[in-house]
Protein chains: 2
Amino acid sequence: MTDPTTLEFAILGLLSLAPSTGYDLMHIFETTAIGNYSSSPGAIYPALGRLEKRGLIEGVVDDSQALRPKKVFRPTADGAKTLRRWLRSGITKNDVQRRLDELLLKFAFHSLLDAEATRDFLSGLAKATDEYLADLRVQRKIFSDDEPPHGRMAFEFGIDRYRACARWARRTLRHFEESS
Amino acid sequence: MTDPTTLEFAILGLLSLAPSTGYDLMHIFETTAIGNYSSSPGAIYPALGRLEKRGLIEGVVDDSQALRPKKVFRPTADGAKTLRRWLRSGITKNDVQRRLDELLLKFAFHSLLDAEATRDFLSGLAKATDEYLADLRVQRKIFSDDEPPHGRMAFEFGIDRYRACARWARRTLRHFEESS
DNA sequence: TCGCACATGTAACGTGTTACATGATTCA
DNA sequence: TGAATCATGTAACACGTTACATGTGCGA
């Protein structure tokens, strides 16, 4: 089995915080910052179906008071395990480069784990980001001075972004070290 | 007609800098920072086909010295116009929120335009980013102090990121104002 | 002769986007 | 009566990913 997608992990995480219907999830995605992982009924309902088919979540139909019968989903034991494994999985340079948003999603759900896991996550993120920054600084040298500066400047933006990431990781790590 | 995709604009931009074959483009995507817009032959060759069918690029087969005949693409007049229109198009809060990478790609190709267009782009980016930051600061208030702090901290990361964006835009704008 | 650099593509697959379809209840 | 909210879903479509297929010439 391949890993669930980012959207599926987002759903699995939200269901771990509180059992919800597809409609609830849509509302959360529409109104909160997590909405960057989209979406719309056309993505959420199929994703719920896939997760249920794989046995990571289970839905119970609630016919009691609703206008229309609704299906309340919650993670199964297997789903909870899959989520935890994902939350603890190591961070590579490649993750930082291509999936930074997914890493932040992961962090947001770290409240489901203990403080040690959070610290491991943050120090891993800081380290992987530093590695990637070292690569970027090497690559920066290829820009020559007689070309138009736009490419280099766009590149500098990338560097700024990852510097901000490393700083955030270290600042947040300090926070978790102080409060423990 | 809908707009070309980000990958198609990236290809159109690269071809505007220098006529290239699919293989050349693959190599550029693999080895330079632009590679974040992927890719692999399975994405690039179909994208070249779509652009050609839409009349935005044209390819000439070069059979002269190559090991295997190669097809060198360059933008048509229509393609150049489409690219320029895209480069000059206004920046919204929504672009900043969901397509920041695409905006940076756009900026990288601004060497094809004049300095005034670049300044417009950067001031537009700074303004749209400020607007989005104002939204984020409102949203930040919904996090309460008794919840686990992870969600709020992930959110702070987002704010840091867009602050870095606004700073970059203003710094780069100053650069272009001084050198003119 | 083996593998690498050059060079172009296709096929299967999964997934997200957009738009649509359905239907009950509450409130102005 | 009509709109909004609650609530679930499907269908068409386009796109990217991965993996595969094909073929030449050059250097070790």
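Throughout, protein chains are lettered first and strands after them, A, B, ... in sequence-line order, and every chain is numbered starting at 1. The model shown is predicted, which means the values in this text are computed figures rather than measured ones.
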Residues, nucleotides or ligands: over 12 heavy atoms within 6.0 Å of B:Arg54 CZ: yes
Integer-rounded Å distance: C:dG9 P and B:Lys71 NZ: 6 Å
Side chains of A:Thr92 and A:Asn94, donor plus acceptor under 3.5 Å: no
Which pairs, protein N/O on one side and nucleotides 11-15 of chain C N/O on the other, fall under 3.5 Å?
none

Which residue lies more 5' along DNA chain C, comparing A:Ala43 with B:Ala43 via nearest heavy atoms: B:Ala43
Atom pair distance, as rounded to whole Å: CG in A:Leu25 and P in D:dA7: 12 Å
Interatomic distance where CE belongs to B:Met26 and P belongs to C:dG9 [whole Å]: 12 Å
Nearest-nucleotide pick for B:Lys70, side chain only, options being C:dG9, C:dA7, D:dT8: C:dA7
Pair listing, ring-ring contact (aromatic ring centres under 6.0 Å, His included) test, anchored in residues 13-33 of chain A, at least two apart: none
Under 3.5 Å, side-chain donor or acceptor atoms of residues 157-166 of chain B against the rest of the protein: list the pairs with distances, not counting sequence neighbours.
| residue | atom | partner | partner atom | Å |
| --- | --- | --- | --- | --- |
| B:Asp160 | OD2 | A:Arg171 | NH2 | 2.5 |
| B:Tyr162 | OH | B:Gln97 | O | 3.2 |

Pairs flagged by ring-ring contact (aromatic ring centres under 6.0 Å, His included) wherever residues 70-100 of chain A is involved - sequence neighbours left out: A:Phe9-A:Trp86
Euclidean distance, atom OH of residue B:Tyr45 to atom P of D:dA19 [Å, nearest integer]: 19 Å
Which atom of A:Leu83 lies closest to which atom of A:Gly13, heavy atoms considered: CD2-CA, 3.9 Å
Phosphate OP1/OP2 of D:dC6 contacted by A:Thr21 side-chain N/O (<4.0 Å): no
Donor + acceptor pair across side chains of A:Asp78, A:Thr76 (<3.5 Å): no
B:Phe73 CZ to C:dA7 C1', straight-line distance once rounded to whole Å: 12 Å
Any A:Tyr23 side-chain N or O less than 4.0 Å from OP1/OP2 of D:dC6: yes
Protein-nucleotides 21-27 of chain C N/O pairs under 3.5 Å:
| residue | atom | partner | partner atom | Å |
| --- | --- | --- | --- | --- |
| C:dT22 | O2 | A:Arg68 | NH1 | 2.8 |

Spacing of A:Asp63 atom CG relative to D:dC6 atom P, expressed in whole Å: 18 Å
Interatomic distance where CD1 belongs to B:Ile44 and P belongs to D:dG16 [whole Å]: 10 Å
Protein-nucleotide distance (B:Asp24, atom CG; C:dC6, atom C1'), rounded to Å: 10 Å
A:Thr129 and A:Lys93 side chains, donor-acceptor separation under 3.5 Å: no
Results of salt bridge (charged side-chain N to carboxylate O under 4.0 Å, His left out) for B:Glu30 - residues two or more places apart only: none
